[in-house]
Amino acid sequence: MDFFPVPSNISTDFLFEKSANYFDTEVAPKRAAALLPRAKIISILINPADRAYSWYQHQRAHQDPVALNHTFHEVISAGPSSPAALQSLHRRCLQPGAYSSHLERWLHHYQPSQLLIVDGVQLRSSPAQLMDGIQKFLGVTPYYNYTQALTFDESKGFWCQKLEAGRTRCLGKSKGRKYPEMSLESRVFLSEYYREQNVELLRMLKRLGQPLPIWLRDELHNASWS
Ligand SMILES: Nc1ncnc2c1ncn2[C@@H]1O[C@H](COP(=O)(O)OS(=O)(=O)O)[C@@H](OP(=O)(O)O)[C@H]1O
């Protein structure tokens with residue numbers, strides 16, 4: 001608990017906490033709701049296949065020997081007779097991407113009005129526009145126009161914070177790494193692997209009246225032709 005700052009009594013203060021690593025755990029929604037019942041939850045979703053690949057690349061960048069010694073395809077297709085360490089990486093790549101199952105668990109403890117689903121692809125390509133919806137969801141006033149605060153940095157290949165004198169501040173080296181594209185074989189494998197979960201996510205978002213991420217429409221459209 002020492003990790004958390006003392007909550008402010010000023011109603012215009014917002015406290016944020018972000019982590020991808022507990023989103024899919026069994027206990028997190030129950031514990032979060034017990035501690036912060038009025039919290040707002042923002043879930044940034046990219047195609048679960050890309051999420052799995054990003055995690056694999058993250059582990060390679062952190063010198064995880066299993067990720068360094070196995071191709072992505074070996075990791076995602078590892079079976080129950082594989083070594084325990086390979087199975088563990090397999091799970092950490094694939095399990096969090098079962099978005100609809102995990103979100104249903106959060107919705108057992110939070111009202112739908114407390115949850116916002118954000119398209120991670122749009123957040124990457126048009127962050128300023130996305131921030132409008134996020135501010136509305138959070139009830140932030142006065143409204144802040146992010147268009148003036150962000151600039152596209154060609155060398156980073158991402159939107160970054162605009163500083164004075166033409167300088168920019170981008171996210172650190174561990175965010176937005178450059179790595180080779182996923183193989184078509186893995187893309188096809190994961191498209192099939194996540195198909196049911198993605199269909200469930202589509203149903204859930206329609207039920208909740210939340211906008212559908214573009215990647216989800218594309219994924220299910222492509223799947224229907226294969
Ligand atoms: N502006 C900007 N700069 C850098 N990176 C950006 C940006 N917008 C989105 N992204 C994407 O964010 C991905 C990392 O997300 P997270 O920080 O949430 O990952 S994690 O929680 O730390 O695992 C990271 O994933 P990778 O590309 O796999 O590194 C980026 O694609």
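For ligands, and for the atoms within them, numbers begin at 1 and follow the listed sequence.
The closest protein non-hydrogen atom to atom 24 (C) of ligand 1 is Gly176 N, 3.6 Å. From the protein, the heavy atom lying nearest to atom 23 (O) of ligand 1 is Ala20 CB, 4.2 Å. Protein heavy atom closest to atom 10 (N) of ligand 1, with residue, atom name and distance, is Phe158 CE2, 3.7 Å. Among protein heavy atoms, the minimum distance from atom 31 (O) of ligand 1 is reached at Arg124 NH1, 3.4 Å. Of all protein heavy atoms, the one closest to atom 26 (P) of ligand 1 is Tyr179 OH, 3.6 Å. When hydrogens are left out, the protein atom nearest atom 22 (O) of ligand 1 is Lys175 NZ, 2.6 Å; that is the closest non-hydrogen contact. Nearest non-hydrogen protein atom to atom 20 (S) of ligand 1 is Lys18 NZ, 3.5 Å.
Partner Ser100 forms a side-chain hydrogen bond (donor to acceptor under 3.5 Å, both in side chains) with one of Glu200, Gln197, Arg203, Arg105 and no other, that one being Gln197. Of the listed residues (His58, Gln59, Arg60), just one forms a side-chain hydrogen bond (donor to acceptor under 3.5 Å, both in side chains) with Tyr56, and that residue is Arg60.
For Leu171, the closest heavy-atom approach to ligand 1 falls below 4.0 Å. Close to ligand 1: Arg177, with a non-hydrogen atom less than 4.0 angstrom away. Under a 4.0 angstrom heavy-atom cut-off, His58 registers as lying outside contact with ligand 1. Not a single heavy atom of Trp55 sits less than 4.0 Å from an atom of ligand 1.
The N/O atoms of Ser54, backbone and side chain alike, include one that comes under 3.5 Å of an N/O atom in ligand 1. Geometrically, ligand 1 and Ser19 share no nitrogen or oxygen pair separated by less than 3.5 Å.
Two rings, from Tyr53 and Tyr179, have their centers less than 6.0 Å apart.
Within a 4.0 Å radius of atom 2 (C) of ligand 1, the protein has at least one heavy atom. For atom 16 (P) of ligand 1, the protein comes within 4.0 Å by at least one heavy atom.
The same ILVMFWY cluster, assembled from side-chain heavy atoms under 4.5 Å apart, contains both Leu107 and Leu205.
Electrostatic pairing of Arg187 and Asp50 counts as a salt bridge here, judged by a charged N lying under 4.0 Å from a carboxylate O. A salt bridge links Asp24 with Arg92: the distance from a Lys NZ or Arg NE/NH1/NH2 to an Asp or Glu carboxylate oxygen falls below 4.0 Å.
Looking at Asp153, its side chain never comes within 3.5 Å of a backbone N or O of Trp159 through a donor-acceptor pair. Looking at Gln87, its side chain does come within 3.5 Å of a backbone N or O of Pro80 through a donor-acceptor pair. Tyr110 places a side-chain N or O within 3.5 Å of a backbone atom of Ala32 that can act as its donor or acceptor partner.
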Could you please spell out the steps behind the side-chain hydrogen bond (donor to acceptor under 3.5 Å, both in side chains) verdict for Asn198 and Glu219? CA-CA 8 Å; Asn198 283 337; Glu219 182 64 39; 4.8 Å; no

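The residue Tyr53 has no part lying near ligand 1, judged by heavy-atom distances below 4.0 Å.
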